[in-house]
2 protein chains.
Amino acid sequence: MNGEELSLREKILDTSRHFLFTKGYSSLSMRKIAKEIGVSATSIYLYFENKDHLVHTLIEESVEELSRAIEQSAAQKISTIDKFEAIIRAYVEFAMSYSEKYQVIYVMLSSEMSRYPKEKFRKARRGYALLESVIKKGIEEGLMELDEPQIAAYSIWAQLHGVISVVLNQRLDSKIDRNKFIEESIEHIVQGFLVRITTA
Amino acid sequence: MNGEELSLREKILDTSRHFLFTKGYSSLSMRKIAKEIGVSATSIYLYFENKDHLVHTLIEESVEELSRAIEQSAAQKISTIDKFEAIIRAYVEFAMSYSEKYQVIYVMLSSEMSRYPKEKFRKARRGYALLESVIKKGIEEGLMELDEPQIAAYSIWAQLHGVISVVLNQRLDSKIDRNKFIEESIEHIVQGFLVRITTA
DNA sequence: TAAGATTGGTTAACAGTGTTAACTTAACGA
DNA sequence: TCGTTAAGTTAACACTGTTAACCAATCTTA
């Protein structure tokens, strides 16, 4: 049945993602994945062309979910400034709630970049494009004052990724409260891009 | 002789780094490295405990060079603001001049994070610590206005890494001039952290 | 100078890897 | 009921990291 089909495929993806996350790429093995699920190693090849393809699917799937989360979150807001903040919050929210999926994107996409097909990569940038368009609108509306929206958008991703990395890799000073750190970072980032209103 | 010793070890490191960079981790093989150099695979084990250790040495070595470059560059400047900019420029300079070494740090450190010994990781943060201390001084001197120097320092690394990634992975729009992009990004980042002087 | 130890490599072997080809077995359609 | 398809299996191949045992120079030193 269709339910079963999907199930094994899904099991493979889940198990791979977990192994990738806990043991690192270098000890990700088709046989181990199969053994964990209780199936023969070659069964994986019924659903994925090869190991590369399996990992790429993992990335693609995560990117898709993240993009969707961002789009939905932005769609719920009306004003540009609310959209701007919503995108940022959706991104962080996703990273914290589905940390394994988030890590798959950044860990694997960087280490296996050269093997990842370029056309899939382009698709991966929906969320980025959305942020860029919101920033452009923000400039038009006089909310932001930036000469390069492209660079600004990239800079925001990078800042967010920095904050998230610190938290996910547990490199945060134990004295610092996690949620407070995240909240303050988001505010700092958002404020850093808005035109400062001088009450004079 | 010592010259010879160093030579093979160095050859192994160079070849590994290059393979890592061009083919990705998943096709980095001890036998291939050895073959490229013209030596037996087991010879590598005379210089490195195992594959993990080899890769970790690669990371450590790159981190060390980057840290040194940053420290030297900062030491040449006197004022806090010059030190601040010097650190940023040294970082970007290193990434552009030794892109393979730079990529080793960020690519491998993220994908094999869980296997990388924590105490080596702490050492890796000299450059980061230096930037943080410069920022603190900048706040004291009234050059910057920030509530969280730790977060600010991290944010700067992240922004820089973002800019560098775009350039190194050749994902920059072909119409945009590379050097101009870098220069404008640096200025944008630096200015973003300084107190805005209002000529009133 | 001869004997022993050290240095810097080698080859052979083992267990584990991705992947392919050929086989099985169950379910379904005619 | 026969043939086909689906979903899996086992056996095999070439390659992987790694270890153990070996070899040939070179250095030390009595």
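Naming convention: chains lettered A, B, ... in sequence-line order (proteins, then strands); numbering from 1 in each chain. All values derive from a computational prediction rather than experimental measurement.
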Atom NE2 of H53(B) and atom C1' of dG17(D) are separated, to the nearest Å, by 16 Å
Considering every strand and a 4.0 Å limit on heavy-atom distances, what is the contact class for I33(A): base, sugar-phosphate, or nothing?
nothing
Whole-Å distance, F48(B) CZ to dG17(D) P, equals 15 Å
*Could you tell me whether E36(A) and K11(A) make a salt bridge, using a distance below 4.0 angstrom between a side-chain N and a carboxylate O?*
no
Taking dG17(D), dG8(D), dG18(C) as options, the one with an atom nearest any side-chain atom of K51(B) is dG17(D)
In whole angstroms, the gap separating C1' of dG8(C) from CZ of R9(B) amounts to 15 Å
Of dG8(C), dT19(C), dG8(D), the nucleotide closest to the side chain of N50(A) is dT19(C)
| request: Respond yes when some side-chain nitrogen or oxygen of S29(B) is under 4.0 Å from OP1 or OP2 of dG17(D), and no when none is. | output: yes
L46(A) CG to dT20(C) C1', in whole Å, measures 13 Å
For a quick check of understanding: with a heavy-atom distance under 4.0 Å over all strands, which category does S43(B) fall into, base, sugar-phosphate or nothing? base
Review point. Which part of the nucleic acid, if any, lies within reach of K32(B) when heavy atoms closer than 4.0 Å are counted: base, sugar-phosphate only, or nothing?
Key: sugar-phosphate
Per atom distances to the V39(B) side chain, the nearest of dG8(D), dT10(C), dG8(C) is dT10(C)
Less than 3.5 Å apart, any donor N or O on the side chain of Y45(B) or H53(B) sitting next to an acceptor on the other? no
Whole-Å distance, K23(A) NZ to dT17(C) P, equals 12 Å
Q | Ring-face cation contact, Y25(B) with K51(B), 6.0 Å cut, 45° max | A | yes
Minimal heavy-atom distance between F19(A) and I33(A), with the atoms involved, is CE2-N, 4.1 Å
Looking only at dT20(C), dG17(D), dG8(D), the nucleotide nearest the T42(A) side chain is dT20(C)
Rounded to whole Å, the CE-C1' distance (M30(A) to dT16(D)) equals 15 Å
So OG of S99(B) and CZ of F94(B): to nearest 0.5 Å the spacing works out to 9.5 Å
Inset, instruction - Give one of base, sugar-phosphate or nothing for I44(B), where a contact means two heavy atoms less than 4.0 Å apart. - result: nothing
Rounded to whole Å, CG of D52(B) lies from C1' of dT16(D) at a distance of 14 Å
Winner on side-chain proximity to Y45(A), out of dT19(C), dT10(C), dT18(D), is dT19(C)
Which of dA12(C), dG18(C), dG8(C) is nearest the side chain of R31(A)? It is dG18(C)
Atom NZ of K35(A) and atom P of dT17(C) are separated, to the nearest Å, by 9 Å
